[in-house]
Trainee: 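Once you've had a glance at the structure underneath, I'll fire off some questions.
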Amino acid sequence: MPKEAINQVAANQGAVSHEGVSYEGVSQEVKVYKVWDKPTRLFHWINLGLVMVLIFIGMVMLFKGDIGISGLEAKIGLKKLHVWVGYLFAINLSVRLIWGVIGSHSARLSQFLPDFKGLSRYKAKLAKGESPQYLHHNPMGRLAIFAMMLLLVTIMVTGLVRAGTDIYYPPFGGPVSDYIAQPGVDGASIKPYDDTGVDAQKVAVLKPYKSLAGEVHVYSVYLLILMIVLHVAGVIVAEIKHQPGLVSAMISGNKPLSGPAEDEKH
């Protein structure tokens, strides 16, 4: 049977097909399974694009002086741009978390909770020269995805806090500007980086929390960049040596396995 026909049959199955569709390879039978659903795949690629844009804008903000960007207006403009893209990132991430609770089996958050026993079995099989196959993420992938999701949530929360304390954007901007406004001053009239109508003592009270949120935000991004590099390297190694079709599965939702699925055994 042609591979295109096989993929079409697989696409007509459920969210995760445990039957599979098989065709004869050169030396072994391969089965194609329906795995990650469309919302999960869309989140993955939208999230990747937004994170890359946010990292780029963030780097421009950090090193704006070195590239010739100066002035308060430019500083605020970059922060506003960063925040608006951040809102898209936060919406996408929030939808994914909700879908991880109510979505299909392959989309569930439980699919990337760490599995340390499975990780030990996976490493033992790799040490023997085997190529264990997985319907979802292999144990190393699960650990990486879990760490990245924690970092993404941390970045989202701390980013929203800094959006509220820096330029008084929702959801925390209103309460913050009302809190730091002097008596009789409308909080909505407070402007970013302008001390007019601001209670300096209340600003001083908020400053340690604002600084902490900023530091956690920045270092979480640095850790996320490291995790992305490690994740991409791991996917490349797995794609070449152990389980071809990982990248295409996150595009099409169809995943070829050349052996029994380890994550369906336990």
Side-chain angles (χ1 to χ4, degrees), residues 43 46-101 109 147-228:
F43 161 78
I46 292 172
N47 184 67
L48 175 62
L50 291 172
V51 166
M52 292 298 101
V53 172
L54 285 169
I55 289 173
F56 175 76
I57 300 172
M59 290 301 176
V60 172
M61 290 166 61
L62 285 174
F63 301 104
K64 60 183 180 295
D66 297 327
I67 57 178
I69 298 176
S70 60
L72 182 59
E73 186 176 347
K75 178 179 180 179
I76 295 174
L78 283 170
K79 288 200 176 227
K80 287 182 177 180
L81 178 60
H82 193 68
V83 169
W84 279 112
V85 178
Y87 283 150
L88 296 177
F89 160 77
I91 291 169
N92 189 53
L93 179 58
S94 299
V95 170
R96 176 64 183 93
L97 293 174
I98 294 170
W99 189 244
V101 175
L109 299 179
M148 285 191 286
M149 288 297 286
L150 284 180
L151 287 170
L152 289 171
V153 171
T154 301
I155 290 166
M156 176 181 70
V157 172
T158 54
L160 291 173
V161 170
R162 284 305 296 251
T165 55
D166 282 0
I167 55 175
Y168 313 122
Y169 268 36
F172 303 115
V176 167
S177 59
D178 286 340
Y179 172 73
I180 64 173
Q182 293 176 352
V185 175
D186 183 2
S189 67
I190 301 296
K191 297 179 180 179
Y193 303 99
D194 186 341
D195 293 334
T196 304
V198 171
D199 187 321
Q201 289 186 336
K202 290 183 177 179
V203 170
V205 170
L206 285 181
K207 186 175 181 179
Y209 303 102
K210 174 181 175 179
S211 298
L212 177 61
E215 290 181 6
V216 172
H217 187 76
V218 169
Y219 285 108
S220 293
V221 172
Y222 290 154
L223 281 175
L224 179 64
I225 293 171
L226 174 62
M227 288 303 306
I228 290 172

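One is the number of the first residue; the rest follow in order along the sequence.
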Trainee: Could you check whether any side-chain heavy atom of I57 comes within less than 4.5 Å of a side-chain heavy atom of M61, counting everything from C-beta outward?
Mentor: yes
Trainee: Checking F89 against L152 for the side-chain contact (heavy atoms from CB on, under 4.5 Å) test, could you report, in this order, the C-alpha distance in whole Å, the side-chain angles of both residues, the deciding distance, and whether it holds?
Mentor: CA-CA 9 Å; F89 160 77; L152 289 171; 3.6 Å; yes
Trainee: Under the side-chain hydrogen bond (donor to acceptor under 3.5 Å, both in side chains) test, which residues partner D186, sequence neighbours left out?
Mentor: none
Trainee: To check you understand the geometry: which heavy-atom pair defines the closest contact between A147 and M227, and what is its length?
Mentor: CB-CE, 4.0 Å
Trainee: What is the distance from atom CG of L160 to atom CD1 of I155, rounded to the nearest 0.5 Å?
Mentor: 12.0 Å
Trainee: Any chance you could measure L109, atom CG, to I98, atom CD1, to the nearest 0.5 Å?
Mentor: 10.5 Å
Trainee: Decide side-chain contact (heavy atoms from CB on, under 4.5 Å) for R96 and N47; before the verdict, give the C-alpha distance in whole Å, the side-chain angles of both, and the deciding distance to 0.1 Å.
Mentor: CA-CA 10 Å; R96 176 64 183 93; N47 184 67; over 6 Å; no
Trainee: Might you work through the side-chain contact (heavy atoms from CB on, under 4.5 Å) test for T165 and F172, ending with a clear yes or no?
Mentor: CA-CA 7 Å; T165 55; F172 303 115; over 6 Å; no
Trainee: For a side-chain contact (heavy atoms from CB on, under 4.5 Å) with M52, tell me which candidate from L48, L50, L54 qualifies.
Mentor: L48
Trainee: Under the side-chain hydrogen bond (donor to acceptor under 3.5 Å, both in side chains) test, which residues partner H217, sequence neighbours left out?
Mentor: T158
Trainee: Would you find more than 12 non-hydrogen atoms of other residues, nucleotides or ligands less than 6.0 Å from Y179 atom OH?
Mentor: yes
Trainee: Can you give me the closest heavy-atom contact between A181 and G187, atom names plus distance?
Mentor: CB-CA, 4.1 Å
Trainee: Under the side-chain hydrogen bond (donor to acceptor under 3.5 Å, both in side chains) rule, what pairs show up with a residue in residues 67-91, not counting sequence neighbours?
Mentor: K79-D166, K79-Y193
Trainee: If I take atom OG from residue S220 and atom CD from residue E215, how far apart are they, to the nearest 0.5 angstrom?
Mentor: 11.0 Å
Trainee: Let me confirm one number: the CZ-OG distance from F43 to S94, rounded to the nearest 0.5 Å.
Mentor: 10.0 Å
Trainee: Apply the side-chain contact (heavy atoms from CB on, under 4.5 Å) test between V60 and each candidate in D66, L78, L81; give the one that qualifies.
Mentor: L78
Trainee: Distance check, rounded to the nearest 0.5 Å: I228 atom CD1 versus L151 atom CG?
Mentor: 9.5 Å
Trainee: Got more than 12 heavy atoms from elsewhere within 6.0 Å of NZ, K191?
Mentor: no
Trainee: So which heavy atom on G197 is nearest to which on I190, and how close?
Mentor: O-CD1, 3.5 Å
Trainee: Of all heavy-atom pairs between A163 and V83, which one has the smallest distance, and what is that distance?
Mentor: CB-CG2, 3.7 Å
Trainee: Using the rule given for side-chain contact (heavy atoms from CB on, under 4.5 Å), can you reason through L93 versus M149, listing the C-alpha separation, both sets of side-chain angles and the distance that settles it, and then say yes or no?
Mentor: CA-CA 9 Å; L93 179 58; M149 288 297 286; 3.8 Å; yes
Trainee: Do L88 and V53 have side chains that get closer than 4.5 Å, going by heavy atoms?
Mentor: no
Trainee: List the atom of V161, the atom of A213, and the distance in Å for their closest heavy-atom pair.
Mentor: CG1-CB, 3.8 Å
Trainee: Do I180 and Y168 come close enough that some side-chain heavy atom pair is under 4.5 Å?
Mentor: yes
